Amino acid sequence: MKRYWLMKTEPETYSIDDLKRDKSEHWDGIRNYQARNFMMQDMRVGDAVLFYHSNCKVPGIIGLAKVSKEAYPDFTAWDPEAKYYDPKSTSDNPRWFMVDVAYVKTFKEVISLSGMREMPELDGMRLLQKGNRLSIMPVEEGQFRHICKLAGC
DNA sequence: GCCAACGTTGGC
DNA sequence: GCCAACGTTGGC
């Protein structure tokens with residue numbers, strides 16, 4: 001069964017343009033167990049990913065990507081120089097995992113968070129729930145289709 | 001830059 | 001196992 005996801009990133013750190021340039025990239029730095037478990041247990045190659053820009057002028061969904069490699073250990077956790085170094089994660093017993101994500105398309109216009117809050121079709125969407133801080137979360141098929149339709153894809 | 005919401009850590 | 005303290009996320 002194909003699944004649908006939303007993945008957040010700060011455009012100043014890694015934007016949709018960066019992914020377009022790289023074509024496919026490993027999604028390192030996830031240090032939250034819920035997000036990790038989604039990657040490890042549920043993400044499969046070919047799953048669709050809504051690409052979300054956070055912490056910026058107009059937060060919202062800016063494009064489409066897809067999972068291009070299933071979960072494997074996040075080796076950046078082993079690097080003492082890396083920003084998300086975690087001494088409790090080792091190569092023998094990795095604590096953190098990542099998937100690879102491939103570029104699909106950039107939307108002509110960002111589908112803003114505030115806009116999505118106005119859409120009755122998206123009622124109950126996880127992204128819109130109060131206090132939500134997950135950087136990786138599942139999206140229901142109907143919600144995904146609605147967003148795709150708006151984006152013209 | 002502020003701050004609400006949430007997750008994690010660690011003392012007890 | 002409780003919970004206070006702390007750190008982080010991310011909208012505004």
Side-chain angles (χ1 to χ4, degrees), chain A residues 3-22 25-43 47-67 70-140 142-144 146-151:
Chain A
R3 295 176 199 255
Y4 305 91
W5 303 97
L6 181 142
M7 294 171 88
K8 294 181 186 173
T9 173
E10 301 187 14
E12 287 195 19
T13 308
Y14 196 81
S15 73
I16 189 90
D17 291 333
D18 294 320
L19 186 62
K20 185 177 186 180
R21 178 200 62 212
D22 296 337
E25 186 59 296
H26 53 267
W27 207 259
D28 63 278
I30 300 300
R31 299 293 179 266
N32 169 285
Y33 288 104
Q34 249 187 300
R36 180 202 70 174
N37 292 344
F38 284 137
M39 288 195 292
M40 287 180 74
Q41 295 162 13
D42 300 321
M43 277 194 175
D47 282 0
V49 175
L50 298 172
F51 199 97
Y52 182 92
H53 278 176
S54 70
N55 236 322
C56 55
K57 212 165 174 184
V58 183
I61 298 167
I62 186 63
L64 193 61
K66 62 183 178 186
V67 176
E70 284 181 23
Y72 58 108
D74 181 346
F75 50 77
T76 69
W78 309 332
D79 175 6
E81 304 295 316
K83 182 177 178 195
Y84 293 106
Y85 173 58
D86 182 353
K88 294 182 193 123
S89 185
T90 63
S91 49
D92 286 342
N93 189 18
R95 171 178 291 204
W96 303 116
F97 286 73
M98 59 189 171
V99 296
D100 284 2
V101 169
Y103 177 82
V104 176
K105 73 175 289 181
T106 305
F107 296 164
K108 287 199 179 68
E109 283 182 66
V110 64
I111 299 176
S112 70
L113 181 63
S114 57
M116 285 189 281
R117 288 195 191 284
E118 306 294 316
M119 297 172 190
E121 297 88 344
L122 300 183
D123 251 12
M125 192 179 180
R126 198 156 180 160
L127 175 74
L128 307 180
Q129 282 164 17
K130 189 182 173 187
N132 165 64
R133 285 171 36 187
L134 266 183
S135 60
I136 296 177
M137 69 187 87
V139 175
E140 287 170 23
Q143 299 163 350
F144 179 84
H146 180 69
I147 288 161
C148 273
K149 206 167 76 187
L150 288 177

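Being a predicted model, the structure only gives us computed values, none of them experimental. Residue numbers begin at 1 in each chain, while the letters A, B, ... track the order of the sequences.
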Is the shortest side-chain heavy-atom distance between F107(A) and L64(A) below 4.5 Å? yes
Distance in Å, E70(A) CD paired with M39(A) CE, rounded so as to fall on 0.5 Å steps: 12.5 Å
K20(A) atom NZ, over 12 foreign heavy atoms within 6.0 Å: no
Atom CG of L128(A) to atom P of dG11(C): distance rounded to whole Å? 11 Å
What is the distance from NZ of K8(A) to P of dC6(B), rounded to the nearest Å? 12 Å
Electrostatic pair R21(A):D18(A) at N-O distance under 4.0 angstrom: yes
As a check of understanding: the bend across the helix from dG1(B)-dC12(C) to dC12(B)-dG1(C), end axes from five pairs, rounded to 10 degrees, works out to 10°
For R126(A) and dA5(B), what is the distance between atoms CZ and P respectively, to the nearest whole Å? 18 Å
Would you kindly give the CG-to-P distance between N132(A) and dG11(C), to the nearest whole Å? 9 Å
How would you list, by chain and number, every residue that makes a side-chain hydrogen bond (donor to acceptor under 3.5 Å, both in side chains) with R31(A), sequence neighbours excluded? D74(A), T76(A)
Does H53(A) reach the side chain of V110(A), with side-chain heavy atoms less than 4.5 Å apart? no
Got a list of protein N/O to nucleotides 7-10 of chain B N/O distances below 3.5 Å?
none

Using a 6.0 Å cut-off, check whether atom CD of Q41(A) has over 12 heavy atoms from anything other than its own residue. yes
Just verifying a value: how many Å separate D100(A) CG and W27(A) CH2, rounded to the nearest 0.5 Å? 11.0 Å
